[in-house]
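Read through the structure below, which is laid out as structure tokens, and then see the notes.
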Amino acid sequence: MSGTAAKHCVVAYAAGRRQLLWEVNLPADATIGDCIEAARRLAPHEDVPWQSAPAGVFGEVRSRGEVPADGDRIELYRPLRRDPKENRRARLRR
């Protein structure tokens, strides 16, 4: 991370009913992984799967090696307990 310009990103994780957000400011060439690591340093005691969770930007899965744009929302995804389509079908059956 040697860029001189800076960028601002938000790292987000939905923990059950809580949404956790961390604002990070890093050099322009920082990767998604760098942003996640900066957020981890801000919240060392949060129960977040920092290393194992898939990551994405605005709902689209991305590699941790990609460089996000200034203002991007980087999301850490947790596995779904049940398929949303199956949830809807079960509600309709009831």
Side-chain angles (χ1 to χ4, degrees):
M1 293 188 311
S2 60
T4 56
K7 70 175 147 199
H8 174 87
C9 292
V10 173
V11 177
Y13 180 70
R17 296 181 186 261
R18 292 181 348 170
Q19 182 177 30
L20 305 172
L21 301 171
W22 301 277
E23 295 187 27
V24 296
N25 292 296
L26 296 168
D29 61 349
T31 64
I32 289 173
D34 295 331
C35 294
I36 292 169
E37 179 59 26
R40 187 191 65 75
R41 287 192 302 269
L42 293 173
H45 302 294
E46 290 292 345
D47 185 22
V48 175
W50 299 106
Q51 299 300 319
S52 62
V57 176
F58 296 115
E60 187 176 306
V61 176
R62 301 279 179 89
S63 160
R64 288 176 183 238
E66 288 186 46
V67 176
D70 182 45
D72 275 356
R73 175 188 165 105
I74 298 164
E75 301 159 336
L76 291 170
Y77 304 121
R78 58 189 168 92
L80 297 175
R81 290 187 202 149
R82 191 168 175 187
D83 179 14
K85 289 181 184 178
E86 184 55 38
N87 283 343
R88 278 193 297 279
R89 288 183 194 119
R91 281 194 307 271
L92 287 173
R93 284 192 294 264
R94 285 186 235 138

Closest contact, heavy atoms only, Ala38 versus Val24: CB-CG1, 3.8 Å
same_hphob_cluster(Leu20, Ile74) at 4.5 Å side-chain heavy-atom cutoff: yes
Same apolar cluster: Leu21 and Val57, side chain cutoff 4.5 Å: no
Main-chain N/O of Thr31 paired to Arg64 side chain as donor or acceptor, under 3.5 Å: no
Step-by-step side-chain contact (heavy atoms from CB on, under 4.5 Å) determination, Tyr13 to Trp50: CA-CA 10 Å; Tyr13 180 70; Trp50 299 106; over 6 Å; no
Co-membership, hydrophobic cluster, residues Val10 and Leu42, 4.5 Å side-chain: no
Residue pair Val67, Lys7: steps toward the side-chain contact (heavy atoms from CB on, under 4.5 Å) verdict: CA-CA 11 Å; Val67 176; Lys7 70 175 147 199; 3.2 Å; yes
Hydrophobic cluster membership, Phe58 vs Trp22, 4.5 Å side-chain cutoff: yes
Minimal non-hydrogen separation, Arg73 against Ala12, with atom names: NH2-CB, 3.5 Å
Between CD on residue Gln51 and CD on residue Glu37, distance to nearest 0.5 Å: 6.5 Å
Any donor-acceptor pair under 3.5 Å from Glu66 side chain to Ile32 backbone: no
Partners passing salt bridge (Lys or Arg N to Asp or Glu O under 4.0 Å) against Arg18 (at least two apart in sequence or in another chain): Glu46
Intermediate values then yes/no, side-chain contact (heavy atoms from CB on, under 4.5 Å), Cys9 and Leu26: CA-CA 8 Å; Cys9 292; Leu26 296 168; over 6 Å; no
